[in-house]
Amino acid sequence: MNLKKMIKAAAFATVTLVIGIAVIVVIKTLNHTPPSFSDVARANIQLDEAQLAANLAAAIRFKTVSFQASEGKENQEFSNLINWIIATYPKLNQALELKLVNQSMLYKWQGANAALKPILITGHYDVVPVIPGSEAKWQQPPFSGNIIDGVIWGRGALDDKSGVVGILQAVTYLLEQGFQPQRSVYLSFGHDEEIGGRNGAGAITALLREQGVQLAWSLDEGSFVFDGIFPGLETLMASINVAEKGSTTLDIVATAPGGHSSMPPQKNAVSDLAEAITKLQDNPVPGGLSGLSTVMFDNVSRYMPFTMRGLFANQWLFGPVIDRQLSASATTNAMLRTTTAPTMLSASVKTNVLPIEAIATVNFRIHPRDNVQSIEDYVTALVASDTISVRARGGINASAVSDWRAKGYTDIAQSMREVYGDIAVAPGLMIAGSDSKHYGQVADDAYRFNPFVLAAEDLTGFHGTNEKISVANFAQGVRGYIQIIRNGSEE
Ligand SMILES: [Zn+2]
């Protein structure tokens, strides 16, 4: 073969290869479509929406605030809310058995088939304080429970009195319909979730364990039906969290001889520490698309525009591009890996004294694939030297990852389609904490999800100002709880 012929043949082979790859990419993209649930029948549930709204508003008016220090707590408000629940939901209180655990409430709705594992539907009724000085920024006073133009205002409207009242309304509706669950259904309403849940969810978990109760699954707060929150997604997306991240904090300590600042050496503790922090920032904890995150993005991307679908349908080719894209955004990065956040600094006590010690405190939110020890090991290997050491402040591992193929998950997913239609449903990773860290210990699977719609503009309401929920949205969420309990309590 002469040179010309060889070049021609090589060019032909290259073109064939490129066309081949392009064809595979297009075919895979065209096949990367959402599963069809068009045959799912929409649930027809008539509710008195004004009554629902009035009840949520009433619950908001109790100042059940959890303060970090226990002295601010108004115990009477907590008792008043408990009494209000007992008085407002007589049918429920007649049919279900109530046990008070400290100021948390545990109800048991006896199932017809005692051989089946029970389920737990839970929420918390304590709320975070209103930030002092921010009261004027609220369009309606934070504990007013005012209902204006179809919107219910106040602290707890989203986190998490809508959950608590939503569950109470759902069970009441089912009782009125004469519904009898097959599995026993536990309901619990925590009073201290915002400060760790030890005396509420923690004590209830201990009690259930003592009674030998092992739950098929539990459902707690933790995520929502997202509207326009997930980048590139045009449909609603029920994001059912199946795990929550852990957290650990490390002190990076640089030591040096110190001395007077008038004759400084080339390097001192502060500059050594600065180098160590930079190194940490430049070397994020390894992560990426694997396990849970792969399933989540695979599900969600099926509802995205063609180019995005093309990327996710062809991870064999575009894997590195996707990783880079997702790592660049703070939200998606947090789902892919353990995050690194330097938060506190300290060094010399005087302007003209070289420090003998400089400390950076760094908080890591632990992805389920890592743990407290592996993060300490990773950081030590990265930054430790003659002058730099790493001190652990303690931490908590990520939760176990619950099964997104189990019946509990598919029941919740099905319920969301019955209420909201053919929407995207995907398992997710919770980047904050919840009471599920307790309940998960007595449940085969722990899911974290509220069946209400959350739009981007609602995000500032969480622990912030102008927390609110629309009456229509609240009612849809109650329908969500009704279907979840109805489907989830079946065999
Ligand atoms: Zn909450």
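Start at 1 and go down the list; that is how both ligands and their atoms are numbered. Count residues from 1 along the sequence.
- Note on ring orientation: taking the six-membered ring where Trp is involved, the planes of Trp84 and Tyr89 are perpendicular (angle over 60°, cut-offs 30° and 60°).
- Not one N, O or S atom of Glu193 sits under 2.8 Å from the Zn ion (ligand 1).
- Rounding to 10 degrees gives 90° for the angle at the Zn ion (ligand 1) between NE2 of His124 and OD1 of Asp159.
- A donor-acceptor contact closer than 3.5 angstrom is absent between the side chains of Asp126 and Thr64.
- Shortest distance from the Zn ion (ligand 1) to Glu221 is reached at OE1 (N/O/S atoms only).
- In summary, the aromatic rings of Phe62 and Tyr125 are positioned with their centroids too far apart to meet the 6.0 Å limit.
- For the Zn ion (ligand 1), the set of nearby N, O or S atoms under 2.8 Å includes none belonging to Asp160.
- The ring pair (Phe, Tyr, Trp, His ring centres under 6.0 Å) test with Phe224 singles out one residue from Phe462, Phe230, Phe449, Tyr420, and that residue is Phe462.
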